[in-house]
Amino acid sequence: AYLDNAGAGPITIDVYNAMRDFLDLYVNNGEPWDDVLVKVYENRKLFAELIGAEADEIAIVSNVSTGLAMIAASIPFKGRVVVSPLNFPTDIYPWLTLRNKGLISEVVFVNPVGGYVPLEEYEKAINDNTVAVVVDYVSWITGYRENIREIARIAHEHGAIIISDSFQALGVIDINVKYEGIDVLVSGLYKWLMGPHGIAYIYVNRKSLDTLTPAVLSWHGVRDNVVKRKINGWSNVFSSPFNIFNAEPSKDSSRFEMGTWTEISLYGGKAALEFALKHEMPKKYTYTEKLIDELIDGLTDLNYEVITPRSSKAGIVVFKTGKHDLIRNNLSRRGIEVSSRPGTIRISPHFYNTMYEIDLLLNTIREINPNS
Ligand SMILES: Cc1ncc(COP(=O)(O)O)c(C=O)c1O
């Protein structure tokens, strides 16, 4: 049983086929450059549809960390940044770097209580000097689903933007960036969206583009770029010279794109996004939630302390144990994959998992560690 979708999900057959077809095309005809430019645009459109945004609000980069670094390198350098310690490290390091360089005044950590951060903590930490609040939509380490809409409201009251890494949420639960008031969202595909590595998406709300200008621009991020030329119907996107004496940022979110995309992942990415939209993946959460509830009940019956709050969860369940490596390694030997973190085990079933697999996992944990 594969129960580590929060680490990396399996790719779908569609993704596999799309990537194989790309390789065949490449081997037989060379780089399909013009089609690659079309795929960039198609990926932006599909990702926008998934989160309730517009295609021109999406940029494509090669991984989530690069996307976050691009945003960090774009914020107006002043004030403080508020972060959650429950964020993935990649959502914290760029801000510490900016602080160490004296480019922002401070990084303020909110205080978690158990597996989550109460809203009052955000109210205390966010003030009129705050430029950005950075909160993962679902915590990789506790499975807590944040109340992003409320945190966004508090941030906006103080003129700050909210940046949310939603890698642990998209593909499990429905996210509408406009409804939730998210200014910047970053996500990849290789976990719950069952797509390839090598591709990630940055959403930046049009309003926020007035304040977010990258510290450096590259050839895909300037106003006159090859994707724009392709969209405008150029048959040869190199038929006019680029203006190398003036680097103006693209008017839309493509300003965050740097160099050439991981081409094979644009093909696999398109297939993954189409799968997610076609099968309305978030609707399957009514089923996945039953697996999650069974897990929480079963682990509680085995006397484990479950950190993930039942009232605000997504696809991850985390429980405490001093024997995390022992349990994980034993499960793995018996063909059950979960992941271990210091002092905890993380279990992350997806819609394709079954109740039988959950019960098998619980019974096996009981066997491995009967005195839990
Ligand atoms: C919330 C979150 N963000 C980002 C990452 C990693 O991103 P990247 O693809 O940049 O390594 C992870 C990986 O586990 C994650 O859980």
Side-chain angles (χ1 to χ4, degrees), residues 2-11 15 43 47 50-51 59-73 83-97 109-110 112 115-117 132-146 148 151 162-173 175 177 180 182 184-203 256-259 261-262 264-266 268-269 272-273 307-308 312-318 328 337-342 344-350:
Y2 187 75
L3 297 165
D4 189 19
N5 291 281
I11 57 168
V15 169
N43 269 269
F47 189 77
L50 190 69
I51 62 169
I60 298 176
V61 289
S62 52
N63 52 53
V64 169
S65 302
T66 303
L68 288 157
M70 280 307 289
I71 295 300
V83 300
S84 167
L86 303 179
N87 289 353
F88 193 74
T90 230
D91 295 279
I92 299 173
Y93 293 146
W95 310 105
L96 297 178
T97 318
F109 283 82
V110 285
Y116 75 104
V117 179
V133 180
V134 188
V135 190
D136 290 5
Y137 203 107
V138 171
S139 170
W140 72 299
I141 205 155
T142 69
Y144 181 64
R145 174 183 174 167
E146 292 283 352
I148 293 289
I151 302 169
I162 177 155
I163 300 170
S164 189
D165 175 343
S166 303
F167 207 177
Q168 295 293 4
L170 275 180
V172 186
I173 49 181
I175 296 182
V177 283
E180 313 228 11
I182 298 173
V184 177
L185 176 147
V186 186
S187 179
L189 292 181
Y190 66 75
K191 296 179 186 291
W192 305 93
L193 285 165
M194 304 168 78
H197 286 73
I199 190 163
Y201 305 79
I202 313 174
Y203 156 79
F256 303 104
E257 294 184 7
M258 302 285 288
W261 315 266
T262 310
I264 192 169
S265 302
L266 288 169
L273 292 170
I307 301 175
T308 314
S312 195
K313 60 192 186 300
I316 296 174
V317 173
V318 180
R328 193 199 82 94
E337 297 301 335
V338 299
S339 77
S340 69
R341 298 286 178 267
T344 61
I345 295 270
R346 182 182 72 184
I347 308 160
S348 46
H350 208 354

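All ligand and atom numbering here is 1-based and tracks the order in the structure. The analysis underlying the following values was restricted to heavy atoms, covering all of them including side chains, and did not include hydrogens, waters or symmetry mates. Sequential numbering from 1 along the given sequence is applied to the chain's residues.
K313 places no side-chain N or O within 3.5 Å of a backbone atom of Y144 that could act as its donor or acceptor partner. The closest donor-acceptor contact from the side chain of S139 to the backbone of I141 lies under 3.5 Å. Of the possible donor and acceptor atoms, none in the side chain of S348 sits under 3.5 Å from a partner among the backbone N and O of I316.
For the side chain to side chain contact (heavy atoms under 4.5 Å, CB included) test, residues two or more places apart in sequence or in another chain that qualify with S164 are Y137, I148, S166, I182. Partners of F167 according to the ring pair (Phe, Tyr, Trp, His ring centres under 6.0 Å) rule, which considers only residues two or more places apart in sequence or in another chain, are Y190.
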Does ligand 1 have any N/O atom under 3.5 Å from a protein N/O, and what are those pairs and their distances?
from	atom 1	to	atom 2	distance (Å)
ligand 1	3 (N)	D165	OD2	2.6
ligand 1	9 (O)	Y190	OH	2.9
ligand 1	10 (O)	V64	N	3.3
ligand 1	10 (O)	S65	N	2.8
ligand 1	10 (O)	S65	OG	2.6
ligand 1	14 (O)	K191	NZ	2.7
ligand 1	16 (O)	Q168	NE2	2.9

Acceptor/donor pairs from residues 60-68 side chains to any protein atom, 3.5 angstrom cut, sequence neighbours excluded:
from	atom 1	to	atom 2	distance (Å)
N63	OD1	S65	N	3.4
N63	OD1	T66	N	2.8
N63	OD1	T66	OG1	2.7
S65	OG	T90	OG1	2.5

